[in-house]
Amino acid sequence: MSQTLTAREPVSETSEKTLRVGQRSLLSRFMRRPEVGSLLGAIVVFVLFFALAEPFRQASSLMTVLYASSIIGIMAVGVALLMIGGEFDLSAGVSVITASLAAAILSFQLNLNVWAGAGLALALALTIGFVNGVILVRTKLPSFLVTLSMFLMLQGLNIAVTKLITGKVSTDSIRNMDGFASAQVVFSSYVPIPGLGVSVRITVLWWILFVAVATWVLMRTKVGNWIYAVGGNAESARAVGVPVAKVKIGLFMTVGFFAWFSGMHLLMASGVQQSGEGVGNELLYIMAAVVGGCLLTGGYGTVIGAAIGSLIYGMTKQGIVYAGWDNNWIMFFVGAMLLLAVVVNMWVRTQSSKR
Amino acid sequence: MNYTRKLTIALAGAASIVLAASACSSEGGKQETAAGGADTPELTIAMITHEVPGDSFWDKVRAGAEAAAEKSNVTLEYSSDPEATKQATLIQTAIDKKVDGIAVTLAKPEALKGAIKKANEAGIPVVGLNAGLDHWEELGLTEYFGTDESVAGEAFGERLNEVGAEKTLCVIHEQGHVALETRCSSLAKTFDGDSETLYVDGASMPDVKSSITSKLQEDKDVDYVATLGAPYAMGALDAVDNAGSDAKVATFDTDKNLIGAIQDGLVEWAVDQQPYLQGYLAVDGLWLYNVNGNVSGGGKAVLTGPSFIDKSNIDDIKVFAEKGTR
């Protein structure tokens with residue numbers, strides 16, 4: 001039935017609405033999707049900067065915007081899945097850096113091929129997700145507390161371990177090590193777009209792929225149903241046989257995977273990693289998911305929405321620079337735009353449910 | 001509604017107080033400044049730094065850059081991001097805008113390599129300022145304006161020897177910052193006494209104060225506290241008081257409040273790298289390169305410091321510090 005295609009409503013509203021689904025026109029069904037509000041928000045932001053900032057109209061600028069969005073967007077895929085599953089991850093920002101540091105330090109210190117270092121870092125990133133998940137499931141503490149602790153611990157470890165091993169606050173360069181060149185192609189190269197004369201950063205392509213795969217999982221597979229069920233109401237999900245603990249742990253590990261991927265991009269882009277970075281980015285990922293229609297309470301939202309949320313952020317952040325607005329105001333404008341996007345989002349949702 | 005009316009009355013009251021108080025004060029407060037202008041060709045120059053928003057140091061870099069821009073009919077587009085990847089993206093943004101020149105800080109040089117190469121390929125001249133002394137040449141920058149952090153740190157250490165210090169506490173306010181680490185390690189290199197590093201959270205002045213206080217209470221041998229930014233020197237003064245310690249305070253970098261503290265003999269000295277000059281020269285360097293093909297430095301960095309500010313020269317410098325340019 002069509003329930004698997006349209007995203008779920010918050011539990012409280014479901015009963016009455018499911019009865020009417022069959023009678024809706026195509027337009028109103030489109031309007032009811034969680035990401036419609038953010039799509040309108042994105043169009044508003046795009047038109048605004050297209051009109052105000054002359055450089056914003058070039059293809060090359062658009063590529064820069066897409067790149068900036070993809071950096072947030074790739075992580076937002078994992079974070080959105082986790083939020084739909086009803087949990088948060090505040091350690092997502094620094095765990096990106098942990099993965100990057102681990103790959104750089106392990107490769108350099110053990111004199112490994114860069115790919116081997118990257119593989120070990122993947123194991124570490126997945127472990128961090130696993131630990132987050134297991135502590136959450138075992139202690140039944142809110143994810144806010146569990147991942148806040150993890151965030152602080154990783155922040156400390158990132159700097160302390162790096163300094164302990166390298167004697168500096170950044171890693172040694174792995175630029176000239178075996179495997180770096182090929183890793184750079186995979187994680188950080190530029191792909192020329194035929195006909196336009198510009199190149200797109202490969203992270204943008206990966207981002208699109210990840211969004212597509214995650215959307216397919218959410219909408220078309222049993223696991224997708226589980227995620228919505230666990231986020232909507234864990235108890236009733238458990239009652240109908242959904243493995244709640246496994247789903248939650250799996251979602252934290254998914255965030256771990258994306259953190260690893262983002263970390264590899266950072267590392268392969270420059271060959272070194274600074275230990276103090278990443279703090280605060282977790283809020284940007286959550287913000288992208290929320291702007292894109294994910295509810296803070298879980299059980300509702302889409303990955304495409306989170307992608308649009310990242311795009312709004314990327315367009316706003318870069319657009320302000322293209323428009324030449326005063327740098328001191330940047331975060332204010334970013335915040336205001338996001339608020340606008342969320343409000344438009346909410347308005348569209350209430351309007352469409354009135355009809 | 002009752003509530004709205006009360007609010008309106010309160011707002012009107014507040015507004016009238018503001019109006020009444022707006023009669024000009026001839027001293028203190030924000031004073032009008034005269035503006036220049038020029039009829040040379042219009043240029044657009046982007047300055048992209050690793051500033052953490054709201055730092056008094058960068059305010060002066062920017063003030064210098066803006067002064068140079070205004071004098072030369074340049075539109076200055078300032079942007080910043082402490083995270084290296086995002087800073088690189090901002091450089092790409094400037095390239096997209098087809099600016100006439102880019103001034104950039106190389107706090108994390110490796111990460112900016114690609115973006116700077118693209119600027120060079122696009123024919124946009126790039127100069128460096130403030131951070132990146134060891135990397136600007138290999139990255140293909142035209143000029144560099146800044147100090148050598150290790151020279152500054154070493155000078156600080158030698159000065160400590162001159163005044164006979166025995167144990168110094170080097171306070172790092174941003175864990176993981178390469179330039180700050182260099183200052184402390186270079187200080188330790190030339191300083192004959194003991195030096196110990198203390199990490200504090202620069203985003204929270206109460207933390208800065210309480211961390212230094214506890215350290216001074218715990219270790220009575222510390223006779224000098226070296227801070228790496230002007231606001232932290234002021235915090236250190238409080239901490240010394242609270243701890244009942246006799247330690248003296250000296251610092252890197254200056255600001256308006258610190259100048260007063262040096263004049264009053266509270267802070268011993270400040271090693272200055274003249275941020276205003278860095279911003280000014282970077283913009284002026286790009287302007288000269290654009291309109292006249294000049295390159296400063298003869299292939300070497302143009303040093304803007306270290307210069308010492310202490311009781312002996314404070315009176316001269318004070319005039320400029322009050323304008324927020326030193």
Side-chain angles (χ1 to χ4, degrees), chain A residues 53-56 58-65 67-68 71-72 97 155-156 158-160 162-163 167-171 173-175 184 188 190 198-199 201 262 265-267 269-281 314 317-328 330-331, chain B residues 44 46-54 58-59 62 65-66 75-99 107-115 117-118 122 135 172 174-182 184-185 197 199 201-203:
Chain A
E54 192 263 320
F56 198 78
Q58 305 158 4
S60 63
S61 307
L62 195 62
M63 292 305 128
T64 312
V65 166
Y67 170 63
I71 296 296
I72 299 296
I97 306 303
Q155 193 189 351
N158 283 355
I159 294 177
T162 308
K163 190 125 197 245
K168 303 174 294 182
V169 287
S170 68
T171 64
S173 175
I174 58 162
R175 206 169 246 285
Q184 193 169 35
S188 176
Y190 291 85
V198 291
S199 301
R201 202 79 184 244
S262 309
H265 165 67
L266 290 185
L267 182 59
S270 64
V272 295
Q273 179 62 51
Q274 304 283 330
S275 54
E277 292 188 347
V279 177
N281 285 351
K317 189 88 194 287
Q318 302 303 317
I320 287 167
V321 184
Y322 287 126
W325 295 356
D326 188 340
N327 186 66
N328 291 344
I330 264 193
M331 285 328 262
Chain B
T44 303
M47 178 172 279
I48 300 154
T49 73
H50 63 280
E51 170 188 0
V52 182
W58 291 103
D59 233 26
R62 213 175 151 178
E66 269 160 8
T75 308
L76 179 75
E77 309 219 313
Y78 181 90
S79 57
S80 70
D81 203 303
E83 235 171 87
T85 329
K86 292 182 185 160
Q87 201 194 349
T89 311
L90 287 172
I91 296 176
Q92 181 61 51
T93 310
I95 299 169
D96 296 338
K97 287 186 83 167
K98 303 189 172 67
V99 296
K108 292 148 189 181
E110 288 283 344
L112 304 186
K113 222 176 222 172
K117 196 166 155 232
K118 288 199 148 191
H135 298 92
I172 293 187
E174 192 185 331
Q175 206 172 8
H177 190 304
V178 183
L180 301 183
E181 299 274 345
T182 310
C184 279
S185 61
T197 304
Y199 290 98
D201 178 6

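Since the structure is predicted, the reported quantities are computational estimates derived from the model, not experimental observations. Every chain is numbered from 1 and lettered A, B, ... according to where its sequence line falls, protein lines coming before strand lines.
- Note: B:K118 NZ to A:S199 OG = 5.5 Å, rounded to the nearest 0.5 Å.
- When A:G276, A:S61, A:A68 are compared by the number of non-hydrogen pairs under 4.5 Å with chain B, A:S61 comes out ahead.
- Taking CD from B:E181 and NZ from A:K163, the interatomic distance works out to 3.5 Å, rounded to the nearest 0.5 Å.
- Contacts between B:K113 and chain A at a heavy-atom distance below 4.5 Å involve the side chain alone, from C-beta outward.
- Once rounded to the nearest 0.5 Å, the distance linking CD of B:Q92 with CD of A:Q318 reads 9.5 Å.
- With a threshold of 4.5 angstrom between heavy atoms, B:E83 approaches chain A through its backbone and through its side chain.
- Between chain A and the residues B:E174, B:R62, B:K86, the most heavy-atom pairs under 4.5 angstrom are made by B:R62.
- Interface remark: B:P109 contributes no atoms to any contact with chain A (heavy atom separation under 4.5 Å).
- Distance check, rounded to the nearest 0.5 Å: NZ of B:K108 to OG of A:S270 gives 10.5 Å.
- The OG1 atom of A:T171 lies 9.0 Å from the CD atom of B:E110; values are rounded to the nearest 0.5 Å.
- For the options B:S80, B:G114, B:A88, B:A46, heavy-atom pairs under 4.5 Å to chain A are most numerous at B:S80.
- With rounding to the nearest 0.5 angstrom, the OG1 atom of B:T89 is 7.5 Å from the CZ atom of A:R201.
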